[in-house]
K.L.:
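My questions will all concern the structure given below.
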Amino acid sequence: MTSIFCDEAGNSGAHLLDSQQPFFVLASNDFTTEEAQGLLAHVRSAQGAEPKFTSLRKSNAGIARLARFMADERLTKKRVAVSFTHKPFMVIAKMVDLILETLFHMAGRDLYASGRNQALSNLLHYCLPTYCGEENTRQFLQAFVDLVRGRGEEHRQAFYAAGARMLRECSNEDLIEHLTPLVEPKLFPYWFGDNIDSYALDPAIPALFSHIIEWAQRTPDRFDIVHDDSKPILATQATFESMMAQANEQSEIIGYDRRKFSFPLRSQSLSQADSRLHPQLQVADLCAGLINHLVKCREADVLDALTEKIEEFGATEWVFDGLRPSLAITPQELGTEEPGGNNSVDAMLARLARQDSKDGQGVA
């Protein structure tokens with residue numbers, strides 16, 4: 001049975017707007033123990049300690065070892081998968097998803113069709129600081145993070161105070177129209193419910209979901225997921241397991257355009273492990289660290305010797321998915337113009353409801 005090993009880089013916990021850690025990166029691979037040991041031989045010190053990217057990148061000798069690691073022919077885009085998330089942009093995208101999509105759905109409208117959720121997220125990312133002020137926008141986004149994670153009355157009041165300030169300072173009438181549903185206190189009970197928990201903004205969860213989908217496309221067989229110890233993944237393990245196909249259960253294609261995927265998920269288990277016991281997790285740590293370093297340097301427009309090595313050895317080919325802002329607005333620009341499809345959230349909820357019904361009747 002194939003096992004997929006996952007590890008992350010850039011996890012700043014609740015500090016999603018930390019300018020020093022703008023990206024979250026998840027890397028996964030399907031190497032055997034022997035293959036992973038061979039890859040780690042390029043970077044392991046004479047003392048035999050577990051190689052860590054954060055230590056290796058600090059010295060020329062460490063960078064040279066990482067270069068030998070990346071030069072290994074086994075590190076291909078077929079064996080390694082990496083995704084990255086721009087965390088400040090993710091906060092805006094989640095605000096659109098949790099608030100606006102919910103309100104649109106209640107009104108009988110589908111914000112996911114044609115990628116309208118993505119277009120709106122891009123628009124807000126660039127327009128909010130421009131027309132409402134950078135500091136006002138930062139405080140507004142931080143208040144949203146605090147609300148989701150803290151969930152207290154004081155957090156709700158702080159969020160709507162920040163929202164009212166955004167409206168007062170906004171100098172664009174069209175933007176005010178988009179912003180108003182986000183900051184209207186009367187709408188709060190309609191979108192903030194039990195479906196939003198303190199981990200709703202954690203990038204580790206959608207990142208793992210996308211990796212499971214990616215590996216389902218790469219392998220015809222079911223597979224196990226082994227994740228390095230992670231509190232968000234542990235907290236949502238039961239949810240992930242409920243979305244996995246049961247024995248002999250077939251999956252179907254759901255979603256729109258390029259965003260279609262197979263559901264229920266084709267993984268068959270999810271477990272956590274200590275990286276010291278699994279060399280594959282150590283390989284994933286190195287891959288995640290390399291891509292995190294690259295995207296951070298590109299974001300800051302400050303390249304160094306290590307970024308040159310990462311690009312030279314083609315490590316960017318490992319990347320299959322990324323969430324970051326763009327100027328794309330139209331379906332053609334977003335690649336979401338393909339007709340047909342269905343709302344993936346509705347399809348997933350329908351399947352989970354059917355499964356709950358079967359379980360309630362004692363059907364295995």
Side-chain angles (χ1 to χ4, degrees), residues 1-8 25-40 72-83 204-230 233-234 236-275 277-288 291 315 317-322 341-342 344 347-348 350-352 354-356 358-359 363-364:
M1 181 63 64
T2 300
S3 292
I4 308 301
F5 296 85
C6 307
D7 200 2
E8 60 193 37
V25 177
L26 184 67
S28 57
N29 65 73
D30 66 348
F31 294 119
T32 65
T33 299
E34 292 74 20
E35 288 174 319
Q37 293 285 17
L39 288 164
L40 294 176
D72 195 300
E73 294 182 350
R74 288 170 289 196
L75 282 173
T76 69
K77 61 182 180 181
K78 293 183 178 180
R79 307 295 305 277
V80 178
V82 180
S83 65
I205 297 166
L208 179 57
F209 189 89
S210 70
H211 277 249
I212 294 175
I213 291 171
E214 175 67 14
W215 283 103
Q217 297 173 350
R218 298 187 183 195
T219 175
D221 301 321
R222 301 290 297 274
F223 51 88
D224 300 312
I225 296 290
V226 181
H227 201 292
D228 191 38
D229 289 334
S230 167
I233 300 305
L234 179 62
T236 55
Q237 182 163 340
T239 300
F240 272 105
E241 291 173 344
S242 71
M243 294 189 291
M244 296 178 186
Q246 297 193 346
N248 301 318
E249 182 180 9
Q250 298 300 309
S251 298
E252 60 182 16
I253 302 300
I254 62 174
Y256 293 118
D257 46 75
R258 61 175 174 76
R259 297 166 291 169
K260 292 177 180 176
F261 59 93
S262 296
F263 191 83
L265 302 176
R266 302 314 297 167
S267 53
Q268 66 174 12
S269 72
L270 170 61
S271 61
Q272 299 198 59
D274 188 333
S275 62
L277 305 178
H278 296 277
Q280 299 97 322
L281 292 176
Q282 298 173 41
V283 170
D285 169 79
L286 295 175
C287 294
I291 298 302
E317 293 186 356
W318 305 337
V319 178
F320 74 94
D321 191 23
N342 60 2
S344 59
M348 287 191 290
R351 183 269 178 184
L352 293 173
R354 292 194 300 270
Q355 193 59 53
D356 286 344
K358 290 181 179 179
D359 292 343
V363 179

K.L.:
Report yes if the side chains of Asp321 and Glu214 come closer than 4.5 Å at any heavy-atom pair, otherwise no.
P.N.:
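Side chain of Asp321 against side chain of Glu214, heavy atoms only: no contact under 4.5 Å found.
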K.L.:
Is Ser271 reaching over with its side chain to a backbone N or O of Val226, donor-acceptor style, under 3.5 angstrom?
P.N.:
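Pair absent, no side-chain N/O of Ser271 close to backbone of Val226.
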K.L.:
Could you tell me whether the side chain of Arg222 and the main chain of Arg266 form a donor-acceptor pair under 3.5 Å?
P.N.:
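Yes, because the side chain of Arg222 sits within donor-acceptor range (under 3.5 Å) of the backbone of Arg266.
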K.L.:
I'd like to know whether Val319 forms a side-chain contact (heavy atoms from CB on, under 4.5 Å) with Ile291, so could you lay out the CA-CA distance, the side-chain angles of the two residues, the decisive distance to 0.1 Å, and finally the verdict.
P.N.:
CA-CA 8 Å; Val319 178; Ile291 298 302; 4.0 Å; yes
K.L.:
Quick one, Leu75 and Cys287 - any side-chain contact, counting heavy atoms below 4.5 Å?
P.N.:
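Contact flag for Leu75/Cys287 side chains = yes.
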K.L.:
Which atom pair, heavy atoms only, marks the closest approach of Ser242 to Leu352?
P.N.:
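It is O-CD2, 3.3 Å.
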K.L.:
Looking at every non-hydrogen atom in both residues, tell me the closest pair between Ile233 and Leu208 and how far apart they are.
P.N.:
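Here Ile233 and Leu208 meet closest at CD1-CD2, 3.7 Å.
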K.L.:
For Gln237 and Leu270, indicate whether the former's side chain and the latter's backbone hold a donor-acceptor pair under 3.5 Å.
P.N.:
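Checking the backbone N and O of Leu270 against the side chain of Gln237, a donor-acceptor pair under 3.5 Å is found.
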K.L.:
Report the distance from atom CD1 of Ile212 to atom CG of Leu265, rounding to the nearest 0.5 Å.
P.N.:
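The CD1 atom of Ile212 sits 5.5 Å away from the CG atom of Leu265.
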K.L.:
Measure the CZ-CG distance between Phe5 and Asp285 for me, rounded to the nearest 0.5 Å.
P.N.:
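Those atoms lie 14.5 Å apart.
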K.L.:
Restricting to non-hydrogen atoms, name the atom on Ile225 and the atom on Cys6 that form the minimum distance, rounded to 0.1 Å.
P.N.:
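So the minimum-distance heavy-atom pair works out to CG2-SG, 4.1 Å.
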K.L.:
Any sub-3.5 Å donor-acceptor pair from Glu317's side-chain atoms to Thr76's backbone N or O?
P.N.:
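Looks like no, no N/O pair under 3.5 Å.
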K.L.:
Give, for atom CZ of Phe320 and atom CH2 of Trp215, the distance between the pair rounded to the nearest 0.5 Å.
P.N.:
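One gets 9.5 Å once the value is rounded to the nearest 0.5 Å.
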K.L.:
Taking the side chain as every heavy atom from C-beta outward, state whether Pro264 and Glu249 have any atom pair closer than 4.5 Å.
P.N.:
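Yes, close enough: below the 4.5 Å cut-off.
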K.L.:
Does any N or O in the side chain of His211 come within less than 3.5 Å of the main-chain N or O of Leu26, such that one atom is a donor and the other an acceptor?
P.N.:
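Checking the backbone N and O of Leu26 against the side chain of His211, a donor-acceptor pair under 3.5 Å is found.
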K.L.:
Show your working on side-chain contact (heavy atoms from CB on, under 4.5 Å) between Ser230 and Glu8 and close with a plain yes or no.
P.N.:
CA-CA 9 Å; Ser230 167; Glu8 60 193 37; 4.1 Å; yes
K.L.:
Within a 6.0 Å radius of atom NZ on Lys260, are there more than 12 heavy atoms belonging to other residues, nucleotides or ligands?
P.N.:
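Yes - once you tally the heavy atoms of other residues, nucleotides and ligands closer than 6.0 Å, there are more than 12.
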K.L.:
Spell out, as yes or no, whether a donor-acceptor pair under 3.5 Å connects the side chain of Arg351 to the backbone of Ser251.
P.N.:
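No, because the side chain of Arg351 does not come within donor-acceptor range (under 3.5 Å) of the backbone of Ser251.
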K.L.:
Which atom names give the shortest non-hydrogen contact between Phe240 and Ile205, and what distance separates them?
P.N.:
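Nearest heavy atoms, Phe240 then Ile205: CZ-O, 3.5 Å.
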K.L.:
Between the main-chain N or O of Gln280 and the side-chain N or O of Asn29, is there a donor-acceptor pair closer than 3.5 Å?
P.N.:
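Such a contact is found between Asn29 side chain and Gln280 backbone.
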K.L.:
Going from OG on Ser28 to CG on Asp228, what distance comes out if it is rounded to the nearest 0.5 angstrom?
P.N.:
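Going from OG on Ser28 over to CG on Asp228, the span is 13.0 Å.
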K.L.:
Can you name the closest pair of heavy atoms from Ala347 and Asn342 and give their distance?
P.N.:
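It is CB-ND2, 4.1 Å.
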K.L.:
Are any of the side-chain nitrogens in Arg79 or Glu35 under 4.0 Å away from the carboxylate oxygens of its partner?
P.N.:
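So Arg79 pairs with Glu35 through a salt bridge.
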K.L.:
What is the distance from atom CG of Asp7 to atom NE2 of His278, rounded to the nearest 0.5 Å?
P.N.:
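It comes to 12.0 Å.
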K.L.:
Please round to the nearest 0.5 Å and tell me the distance separating atom CZ of Arg218 and atom OG1 of Thr2.
P.N.:
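Reported to 0.5 Å precision, the distance equals 12.5 Å.
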K.L.:
Can Leu40 and Leu286 be said to form a side-chain contact (heavy atoms from CB on, under 4.5 Å), step by step?
P.N.:
CA-CA 9 Å; Leu40 294 176; Leu286 295 175; 3.9 Å; yes
K.L.:
Test Ile253 against Phe261 for side-chain contact (heavy atoms from CB on, under 4.5 Å), laying out the working first.
P.N.:
CA-CA 5 Å; Ile253 302 300; Phe261 59 93; over 6 Å; no
